[in-house]
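Here is how names work: the chains are called A, B, and so on, in the same order as the sequence lines, proteins then strands, and each is numbered from 1.
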Protein chains: 2
Amino acid sequence: MKDVNYNVAYDYIRKRILNAEFGAGRPLMANLLALEIGLSRTSVREALRQLEVDGLVSIRPHLGARVKTMDIRELRDLCEMRLALESHAAGLAARNRTAPDLQEIKFALEVMRGLTDRILAAEDPQPLTKELMDADVRFHIAIMSAAKNELIKKEILRLHLINRIVAGAFSKLASPEGTALEKEERNHRCRGWMVSHEAIYNAIARQDSAAAKAEMEQHIQGIIDNRLRHLAQTQEAGAARKLTEEERVYVN
Amino acid sequence: MKDVNYNVAYDYIRKRILNAEFGAGRPLMANLLALEIGLSRTSVREALRQLEVDGLVSIRPHLGARVKTMDIRELRDLCEMRLALESHAAGLAARNRTAPDLQEIKFALEVMRGLTDRILAAEDPQPLTKELMDADVRFHIAIMSAAKNELIKKEILRLHLINRIVAGAFSKLASPEGTALEKEERNHRCRGWMVSHEAIYNAIARQDSAAAKAEMEQHIQGIIDNRLRHLAQTQEAGAARKLTEEERVYVN
DNA sequence: TAATTATTTATTGCATGCAATGATATGCGA
DNA sequence: TCGCATATCATTGCATGCAATAAATAATTA
């Protein structure tokens with residue numbers, strides 16, 4: 001962004017939220033943050049408002065700002081919205097893609113394929129999984145870019161971001177359990193992903209808008225189903241709330 | 001909203017933008033507005049930031065805030081996004097609607113039907129058209145509410161609002177010409193609308209998600225096509241820019 | 001002892017003075 | 001007269017003191 005102070009504050013706080021140093025529900029007091037960053041409360045306040053826009057922070061008059069907590073209902077709403085926008089974007093991408101756009105998508109796809117093969121063979125997939133996630137993001141970004149609609153792209157990115165911090169938080173709770181049991185399922189899911197991704201790519205390549213849309217819809221619906229099921233397994237309800245309490249420990 | 005000052009300022013400025021008293025591109029100087037409303041610059045600033053979120057105002061560091069201007073590209077992006085969200089919402093509504101939801105939709109539809117009949121018969125459709133627009137909005141809102149997704153609903157409403165002020169501004173330019181020629185076309189369009197709306201309603205009534213989505217998609221695509229065509233007719237390009245210049249006269 | 005009220009404290013909200021910046025106007029030289 | 005450098009001015013950005021509010025704590029009474 002620019003070099004004005006409220007953007008400095010914005011970047012600082014945003015980063016710490018995305019790094020999960022500021023966990024869900026953590027109070028964000030203008031006073032403290034201003035001292036910490038070395039700016040005035042005014043700049044911090046403006047930054048917090050901007051973060052509220054991004055959906056990372058919630059502010060209530062006189063009660064201050066907190067890192068946004070999500071209940072299961074909000075998470076579902078968010079996923080549905082992402083489904084609507086991203087499938088539509090895929091349809092647009094099929095119509096509006098240029099040759100370089102397609103190249104970009106193809107490249108991301110091939111990176112993913114390489115990583116997937118290595119993951120299926122590897123013993124410890126942890127570091128590769130991180131890379132795979134990144135490649136996946138690149139793939140989706142490439143499609144959004146090819147759709148040639150900045151507004152939709154921006155909104156999807158926003159949703160991705162929120163999704164990511166929520167997912168990150170949940171996986172922290174979920175990871176201690178069945179790593180062995182997950183291995184089989186994980187491989188299965190990876191293969192499924194690649195099939196989906198290739199179907200999407202092919203549809204966009206042959207400029208089949210309806211197919212691209214349908215494939216993307218199916219793909220994301222799959223991801224959502226997985227996540228919600230996983231969530232339901234981990235605990236019956238109030239997951240976000242529980243996490244909030246736990247994260248309180250990390251208060252800086 | 002609440003009774004804090006920045007919400008007062010927010011409501012005030014928002015209202016004037018929606019009433020087209022503050023036209024597109026108009027500079028919004030914190031100093032003047034603060035004096036006018038009787039608050040400090042701080043509160044006005046916060047209000048302007050909130051309005052930026054709504055998409056009604058654009059702010060650039062050191063350059064201040066202006067009522068947002070839209071070029072044809074942004075307008076198209078916005079329409080596409082609305083298409084994606086609203087058709088998805090229709091699909092959700094078909095799945096999630098309750099009996100009262102359906103009742104609400106039906107009521108709005110019947111109001112529209114009554115108005116449409118009267119418009120087709122009337123000489124001067126101007127005042128009825130305004131009512132019809134309102135009923136149409138109610139119809140769409142009822143569907144969004146039945147979809148049971150607050151996030152999507154909120155976003156669609158936001159888009160509607162921006163759309164409305166843009167449309168209002170454009171229609172001001174467009175209305176002087178062919179009122180006679182439009183009459184025939186207008187009637188045709190009204191009938192088409194009713195057909196679409198009834199198809200959407202029926203799909204939701206029988207909980208046919210796919211059909212509801214498809215019908216809504218077609219409906220909105222029709223609206224968009226109409227608008228963009230109309231826009232292209234009115235002038236070749238730079239419509240928003242031209243309007244901006246004209247509205248400058250209204251500087252308070 | 002429990003509950004309710006009063007008091008204290010911490011934090012947000014608001015206003016205003018000063019500094020930084022971008023735009024405009026002025027003046028100088030070619 | 002035109003172009004360019006410089007100065008002036010208006011407006012935003014920033015910081016800080018004070019007021020308003022809500023939460024936490026203490027005190028008082030039934």
Please determine if a side-chain N or O atom of A:Ser43 lies less than 4.0 Å away from the OP1 or OP2 oxygen of D:dA15.
yes
Approximate separation, where rounding is to 0.5 Å, of B:Ser40 OG and B:Leu35 CG:
11.5 Å
Check whether any side-chain N or O of B:Tyr6 sits under 4.0 Å from OP1 or OP2 of C:dG13, and answer yes or no.
yes
Write down the distance between CG (A:Leu35) and P (C:dA10), rounded to a whole number of angstrom.
15 Å
Distance-only donor-acceptor check, side chains A:Gln221 and A:Asp225, under 3.5 Å
yes
With a 4.0 Å cut-off on heavy atoms, is A:Ala34 in touch with a base, just the backbone sugar-phosphate, or nothing at all?
nothing
Pairwise 5' ranking along DNA chain D for A:Leu63 and A:Gly38, keeping only the more 5' one:
A:Gly38
Rounded to the nearest angstrom, tell me the gap between atom CZ in A:Arg45 and atom C1' in C:dT11.
10 Å
Quick one: is A:Arg41 getting a side-chain N or O under 4.0 Å of the D:dT16 phosphate, OP1 or OP2?
no
Should B:Ser40 be listed as having a side-chain N or O under 4.0 Å from OP1 or OP2 of C:dC14?
no
Take the protein atom OH of B:Tyr10 and the nucleotide atom P of C:dG13, then report the distance between them rounded to whole Å.
17 Å
Can we say B:Arg45 and A:Glu46 salt-bridge, meaning some charged N sits less than 4.0 Å from an Asp/Glu carboxylate O?
yes
Please tell me which of the listed nucleotides, D:dG13, C:dT12, D:dA22, lies nearest to the side chain of A:Met29?
C:dT12
By nearest-heavy-atom nucleotide on DNA chain D, the more 5' of A:Thr42 and A:His62 is A:Thr42
Side chains of B:Ile105 and B:Ile143: does their closest heavy-atom pair fall under 4.5 Å?
yes
Separation of D:dG13 atom P from B:Glu46 atom CD, nearest Å, is 13 Å
Provide, to the nearest angstrom, the distance between the CZ atom belonging to A:Arg60 and the P atom belonging to C:dT11.
16 Å
Starting at CG of B:Leu39 and ending at C1' of C:dG13, how long is that distance when rounded to a whole Å?
12 Å
From CG of B:Asn7 over to P of C:dT12, roughly how many Å is that when rounded to an integer?
17 Å
Distance, rounded to the nearest Å, where A:Ile37 contributes CD1 and D:dC14 contributes C1'
14 Å
May I ask you to test the B:Arg164-B:Val137 pair for a side-chain heavy-atom distance under 4.5 Å?
no
At under 4.0 Å, does any side-chain N or O of B:Asn5 touch on OP1 or OP2 of C:dG13?
no
